[in-house]
Amino acid sequence: MFYKIICPIVRFIVWVLNGHLHIHHKDRLPKGNYILVAPHRTWWEPLLFALGASPMEFMFMAKIELFKNPVLRFILNHAHSFPVDRKNPGPSVLKVPVKGLKKGKLSLIIFPSGTRHSAKLKGGALVIAKMSQKPMVPVVYQGPLSFKGLLKRQPLKVNYGNPISIDRKTKLTHENEAIIYQQLEDAWNNLDQELDPNFHYIAK
């Protein structure tokens, strides 16, 4: 219920601050729930991905430090977020999203690179996709990379790609992981090309 209440509020805030959210190829999203996978470019892009794919509801990974604030903890818990200790990630990093995906009601947003300042893909997204047997949907954000740019009402663009599935029988060897990673990288590059070939992300 909280998610359904907060979603239109966030949509209104985005409209007031910027007013130029453009969603592309929502028709590519599969029926049922799925895993949105994206290169991490800003702290607000998960909100835009979720808004663009509504009415689907999403789970989010959030760093454990955010849960120390009681107000933030209340909001995060009721917005389907769960804590992740980046220094010492435990089994829950995989078990919680897999369990949620298998129930079929929630989708997941995940950034395989982990942080906005890393281009190195990590294997968690692939393991979650295989264990849950839910498709990964590549998605990219193009737009302002600073809050100042956001307030200048520069266009916000989200582009969804075609689903990528991992067969239950596929072994996640280094070789197979590299093949799937390349599929994701190629998909992200193609999505960026569709929106604006001249867009280049530079980590701040």
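Here, residue 1 is the first one in the sequence, and each next residue gets the next number.
- Inter-residue side-chain proximity for Val93 and Met61 is flagged as met; some heavy-atom pair is nearer than 4.5 Å.
- Nearest heavy-atom pair, Tyr3 versus Ala79, reported as atom, atom and distance to 0.1 Å: CD1-O, 4.0 Å.
- With a 4.5 Å cut-off between side-chain heavy atoms of Ile, Leu, Val, Met, Phe, Trp and Tyr, the cluster of Leu76 takes in Leu66, Phe67, Leu72.
- Taking each heavy atom of Ile180 and Leu126 in turn, the nearest pair found is CG2-CD2, 3.6 Å.
- The heavy-atom pair separating Ala53 from Leu29 by the smallest distance is CB-CD1, 3.8 Å.
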Run the side chain to side chain contact (heavy atoms under 4.5 Å, CB included) check on Arg28 and Leu191 step by step: do they pass? CA-CA 12 Å; Arg28 292 172 177 168; Leu191 292 173; 3.5 Å; yes
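- Contact of the Leu36 side chain with the Tyr34 side chain is registered, since non-hydrogen atoms from C-beta on lie closer than 4.5 Å.
- Follow the hydrophobic side-chain contacts under 4.5 Å out from Ile110 and you never reach Ile64; the two are in separate clusters.
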Distance-only check: which donor-acceptor pairs under 3.5 Å involve side-chain atoms of residues 7-19, not counting sequence neighbours?
residue	atom	partner	partner atom	Å
Arg11	NH2	Leu51	O	3.2
Arg11	NH2	Ser54	OG	2.8
Asn18	OD1	His20	N	2.8
Asn18	ND2	Leu150	O	3.1
Asn18	ND2	Gln154	O	2.8

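- Residue Leu47 holds its CG atom at 12.0 Å from CZ of Phe58, rounded to the nearest 0.5 Å.
- Within the model, atoms CD of Gln183 and CH2 of Trp188 stand 12.0 Å from one another, a figure rounded to the nearest 0.5 Å.
- Pairs of residues two or more places apart, or lying in two chains, that qualify as side chain to side chain donor-acceptor pair (under 3.5 Å) and include a residue from residues 64-82 are Glu57-His80.
- Within the 4.5 Å cutoff, the side chain of Pro46 has heavy atoms near those of the Phe60 side chain.
- When all heavy atoms of Leu172 and Glu177 are compared, the closest pair comes out as O-OE2, 3.5 Å.
- One finds the CG atom of Asn189 at 11.0 Å from the CG atom of Leu184 (value rounded to the nearest 0.5 Å).
- Nearest heavy atoms, Val37 versus Ala125: CG1-CB, 4.3 Å.
- Between Val158 and Leu195, the closest side-chain pair of non-hydrogen atoms is not below 4.5 Å.
- Partners of Asp167 according to the side-chain contact (heavy atoms from CB on, under 4.5 Å) rule, which considers only residues two or more places apart in sequence or in another chain, are Lys169, Thr170.
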All N/O donor-acceptor pairs, side-chain side in residues 131-145, below 3.5 Å, sequence neighbours left out:
residue	atom	partner	partner atom	Å
Ser132	OG	Ile128	O	2.7
Ser132	OG	Lys134	N	3.4
Gln133	NE2	Lys130	O	2.9
Gln133	NE2	Ile166	O	3.0
Lys134	NZ	Asn33	OD1	2.9
Tyr141	OH	Trp44	NE1	3.3
Tyr141	OH	Pro144	O	2.6
Gln142	NE2	Asp192	O	3.1
Gln142	NE2	Asp192	OD1	2.9

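- Taken from CE in Met56 to NZ in Lys105, the straight-line distance is 12.0 Å, to the nearest 0.5 Å.
- In this structure, NE2 in His25 is found 12.5 Å from OH in Tyr160, a value given to the nearest 0.5 Å.
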Apply the test side chain to side chain contact (heavy atoms under 4.5 Å, CB included) to residues Lys157 and Phe199: give CA-CA distance (whole Å), side-chain angles for both, the deciding distance (0.1 Å), then the verdict. CA-CA 11 Å; Lys157 294 181 283 187; Phe199 176 84; over 6 Å; no
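- Using a 4.5 Å heavy-atom threshold, the side chains of Lys99 and Pro97 count as separate.
- With sequence neighbours excluded, no residue satisfies side-chain contact (heavy atoms from CB on, under 4.5 Å) with Lys31.
- Note that the CG atom of Leu108 and the CE atom of Met59 stand 5.0 Å from one another [nearest 0.5 Å].
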